[in-house]
Structures are given as structure tokens and as C-alpha cells.
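Here is how names work: the chains are called A, B, and so on, in the same order as the sequence lines, proteins then strands, and each is numbered from 1.
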Number of protein chains: 2
Amino acid sequence: MPRRNSGQQPSARRGHGPDIEAVPFSTRNGGARISLLSEAERHQLALISSVVHVKPGAHLYEARQPAGAIFNLIHGVMKTVHPLGRSRQIVTAFLFPHDLVGLSEAGRYVNSAVALTPVTAYRMPIPALERLLRRAPELEYHFLCKVCHELRESQHHAIALGRKTAASRLAMFLHMLEHRQPTEVRNGDIHLTMSRSDIADYMALSPEAISRTFRTLRRGGILAIKNRQHVSVLDRKRFDALIDNA
Amino acid sequence: MPRRNSGQQPSARRGHGPDIEAVPFSTRNGGARISLLSEAERHQLALISSVVHVKPGAHLYEARQPAGAIFNLIHGVMKTVHPLGRSRQIVTAFLFPHDLVGLSEAGRYVNSAVALTPVTAYRMPIPALERLLRRAPELEYHFLCKVCHELRESQHHAIALGRKTAASRLAMFLHMLEHRQPTEVRNGDIHLTMSRSDIADYMALSPEAISRTFRTLRRGGILAIKNRQHVSVLDRKRFDALIDNA
DNA sequence: CGGCCCATTGACTAGTGTCAATACCTGTGG
DNA sequence: CCACAGGTATTGACACTAGTCAATGGGCCG
């Protein structure tokens, strides 16, 4: 029974193998995120993968180091940060389960990946992955879909950074977070896994600006801030207006 | 002699079929942009491609429209713009020959592509391309490399937008333009195909800020502005300092 | 219970957006 | 060849937003 090999630990319950999610090109299923891989494909990937664990604050890999593998998140949240002089760093992306991470250029990682929570991930060595993809065009196509998805998200990030006001940027950030959750109970509650500084580094604002803007949105009745990790959209109409305008 | 067949016109010399360039993952050829496709692959793509022409200011395709094809630029320069309310638009990318353009999501284009100069491009219908890619894993792998390259460029764009000062952003923009030219005579001369407004929309600044910053850099002896389309880096050291800092 | 780090708040400054006016380049027509 | 018209680019004056520095408050872990 190759499907459910003798799992030793909790991660083995969903441990059929790597899994990646994206919004596909095609028009079916109106723009929802779906799992791209079949059971067979996950099994193929599992054969070349190992599982790694990363503690909060630790690096999965570091920029400029030789790139040996690509990773697929199973549990936890990560950020990729771009080294910037000795100034404040830039967060280029937040990564959640079913995401791919470990983009390289000329054999080296282009950024550093840091865990925000305890992280579990599949580690897929690049040579083995490359061999596998060349044998399995369908699987390779799904990787292509996923990378295109990440490209769209990066462009979305750039669009957010183009907004002039902090309120507009923060709203776009929360909107992004909300839409990465499965379509389940999307009732306006948003869980913030990352710190204010991380949000600031992602949105190219100061942590103080993040605080001030949260306060402004709360006083305006647009957001409810339950605690540092949980906010809620109260006035959807004005919230969306922040995203559309300026 | 398949390499240099009897060219009829300038475009025909490189007219063997679609061609895409990127910096590959692997460590060979120290980070230079190379052509990804073999002659055979270009020929395969040529069989499903047609050639389209776009006048300056005209659209190659428009956001939200059903996506029927992906395009590969042969000549000219384009921009992709994101529709943003009725406010000023956001330029998400500039595209040059050997680039791919036409990313879709759920069957529709995610942005609009506008020609800045007379443009010639290969038009590759998505269904035919998809069939071809599934038969040709090697070719598909090269598309994957190209999309990863575009992802890195988009992240680079986001990093540029994260810079606080206009001088730093503009320097990063010029740096990007310079590095898209082939490594030939990279003597500091930079050709600006796009208008000041386009630069402003790409860097999330006002056109006035672009003008002011050009003036500041010229007065500081960092840049020489020959005319509206040609600038030149005079003080490379301080120019690079603008890119690294802030 | 205490210490540490993160988050928040306030005062001030610096830099960009905005609005308005002028100068410049391009292509057109006389 | 020159004059003209349109759009683009530049320049200036002013308002406004976010950055910075500094200090306080709050939560979490030892």
C-alpha cells in the first residue's frame, strides 16, 4: 500500500506527499484555490522528499547560499526576506502550507526563508526534482501553474506597495491574508501570524505607521482589533473602498 | 546551415520562431541572461504561432478579457498596466524582446498590455501551447525557467517600491533597465523607451517627482541627461550607493 | 514576580503629492 | 522653411503623510 505508508508522526496523516495549491489558468471553478496534484503525483514527489522541521525564528535557507533544494510547506508560516545593506530588511512574501519556496538564480537562493511559527516542510532536492519533472510533463505543468500563481501574488504585492496611504496598503494586506484562508468561514475574522514589524517590512512602512493605521481604522469603525493576532472587518463597504481607491 | 538561413529582413534573421531569455537556476554562466530554447523547440513553437503587430499606444490584450493566447515579443517594448479605479494606473512590468506576456487567472487576463513602440509578437494560442508543452517536457521546463525569472523580476520590482526616497527608487529603475540590455557596451548609457509618466506609474511616484529626482541626480553629478530618452551614469560609485542604501 | 521584547503613542521633521503655470519637443499645415 | 498646436516635461509653492526619535504601556516567559 504505497498510499498510506506507515506514518510515524502527526504530519503523516496528511503525509501522502507534497501538495501545492493555486488558482489555475483555466476558467473552471470560479477563481478558487485548488490542490494541483493528484495522489499519484504526490506519491512520486514523496519518493524524492524528506521532511524538515524549523523552529520559529530559524532559517530554512539563507540568501546567496548554494541552492540544493526546493521546499513545500506542510505546517506553519514563513517569511522570505531580502538582505538590504544593514538597513531594515524587506519581506518579499509570506508563505503558508501548500506553498513552494526556495527560488534560486544562478545556483543560489535569492532570499532567506525564516520561520514565524514551528514549520514542517518537504525538502525536494533540485537534481532529483528536475529529473522527475522531465519524466512527468503533467506534474511539471502543475509546478508551472504554481509559479505563475506566485508571480501573480508578487505583482499583487507590488500593486499594494504602489498605494500611497498607509490605510490603503494595510487594507490590501489584510485582504490578501483573508483570501489565502480557505473559503470556509470567511466572516471577516483575520488571523495575523506575523508581528507588526513583519507587516511593516512587507508593506514598506514603519511599525509605528502600522500601529497608527490600525488605530485609525478601529476608531473609524472599519476594523475591530481583538488582540495582536486577531482583527475583524466590521464595515466591509468602507474596507473595500480603501482597497479600490488611492 | 540551420543557424544562418537566408534572412530577408532584419526581423527574419532572428525569425526562426519564438525565443525566450532568462537567467537559469543553475550555476553555469555566471548569472547572465541566455536564450532558453533550442532551434528545434523554436520550430515546434513556430508551428502553433502567428505573428501580430501592435501600434504604439494600442492594446495587445485587455484585463478581464477571456485569455486566448500567450505572447512572445519579437520587436518593441510594452508595458503591462493594472486597472485601478479611475485613479492613476499602475505599471506592473515593462516587456522587451524575448519576454513572455499574457498571464491569465481563471481564464482571464490579469492586466492589460500596451505597446510603447511598434511591436511585433508571436501569438501562441493557449490550448495548442498546453498540448505542446505536455508532449515536450524539456520545452515546458524552459517555460518554467522563464516564469521563475519573471517572478524574480517582480520581486525585484516590489523591493524597488519598498525604497523610501525617490532617488533610490529611480536608481533601482535605471539599474534594472541597464541590466536588461545585453552585456555588450554597458558603459552607463541607458535608453529610456518609456515616458516619464510610465516610469512614475511603475515606481509609484508622481511624474513631477521623477523630474525633480532626475534634476537632483544631474546636479549632483551622478547622472547626465542627454535628452528625454538617453541618460548616462557618471558617478557609478554614488549611483550604486543609492541602490544599496535606503 | 521581574525582566524583556513587542506594540503603542506623541512631537517633530523630511520628503513626496498636489495644483498650477511655464517651457520644451513633435508633428502638422501653411 | 517657418508658424502653430498638442501633448509631454519641467519647475515652483504649499499641504499632508509617513519616518524618526523618544518614551510609555502591555503581554509573555522564565
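- Take K55(A) and apply the salt bridge (Lys or Arg N to Asp or Glu O under 4.0 Å) test, not counting sequence neighbours, and it matches no residue.
- For the pair F214(B) CZ and dT8(D) P, the interatomic distance rounds to 17 Å; values are reported in whole Å.
- Remark: R219(B) engages no residue in a salt bridge (Lys or Arg N to Asp or Glu O under 4.0 Å) (not counting sequence neighbours).
- Here the C1' atom of nucleotide dT8(C) and the CG atom of L170(A) are 15 Å apart, to the nearest Å.
- Computed from coordinates, the N227(B) CG to dT26(C) C1' distance equals 13 Å when rounded to whole Å.
- Applying the side chain to side chain contact (heavy atoms under 4.5 Å, CB included) test to I225(A) and every residue at least two apart in sequence or in another chain returns F214(A), R218(A), L223(A), V231(A).
- Scanning for side chain to side chain contact (heavy atoms under 4.5 Å, CB included) contacts around S211(B) gives an empty result, with sequence neighbours left out.
- Residues passing the side chain to side chain contact (heavy atoms under 4.5 Å, CB included) test with E62(B), sequence neighbours excluded: H59(B), Q65(B), S112(B).
- We find that CZ of R169(B) is positioned 12 Å from C1' of dA18(D), with the value rounded to whole Å.
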Listed pairs, N/O of protein and of nucleotides 20-27 of chain D, under 3.5 Å:
residue, atom, partner, partner atom, Å
dT20(D), O4, R212(A), NH2, 3.3
dC21(D), N4, E208(A), OE2, 3.1

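- Pairs of residues two or more places apart, or lying in two chains, that qualify as salt bridge (Lys or Arg N to Asp or Glu O under 4.0 Å) and include a residue from residues 165-179 of chain B are E178(B)-R236(B).
- Spacing between atom CZ of R218(A) and atom C1' of dT8(C) amounts to 10 Å, rounded to whole angstrom units.
- Summary of helix geometry: the two end axes of the helix from dC1(C)-dG30(D) to dG30(C)-dC1(D), each defined by five base pairs via their C1' atoms, are inclined to each other by 40° (rounded to 10°).
- The side chain of R163(A) places no N or O atom within less than 4.0 Å of a non-bridging phosphate oxygen (OP1 or OP2) of dT17(D).
- Straight-line distance from the CD1 atom of I210(B) to the P atom of dT18(C): 13 Å, rounded to whole Å.
- Within the structure, side-chain hydrogen bond (donor to acceptor under 3.5 Å, both in side chains) contacts touching residues 151-162 of chain A (residues at least two apart or in different chains) are H149(A)-R152(A), H149(A)-E153(A), E153(A)-R180(A), S154(A)-S154(B).
- Contacts between residues 194-205 of chain A and DNA chain C, defined by a heavy-atom separation under 4.0 Å, are made by S195(A), R196(A), S197(A).
- Aromatic pair F173(B)/Y202(B): centroids less than 6.0 angstrom apart.
- Shown here are the ring-ring contact (aromatic ring centres under 6.0 Å, His included) partners of H82(A), two or more places apart in sequence or in another chain: there are none.
- In this structure a side-chain-to-backbone donor-acceptor pair under 3.5 Å is missing from S35(B) to E21(B).
- Pairs engaging residues 67-83 of chain B under the salt bridge (Lys or Arg N to Asp or Glu O under 4.0 Å) rule: K79(B)-D198(B) [sequence neighbours left out].
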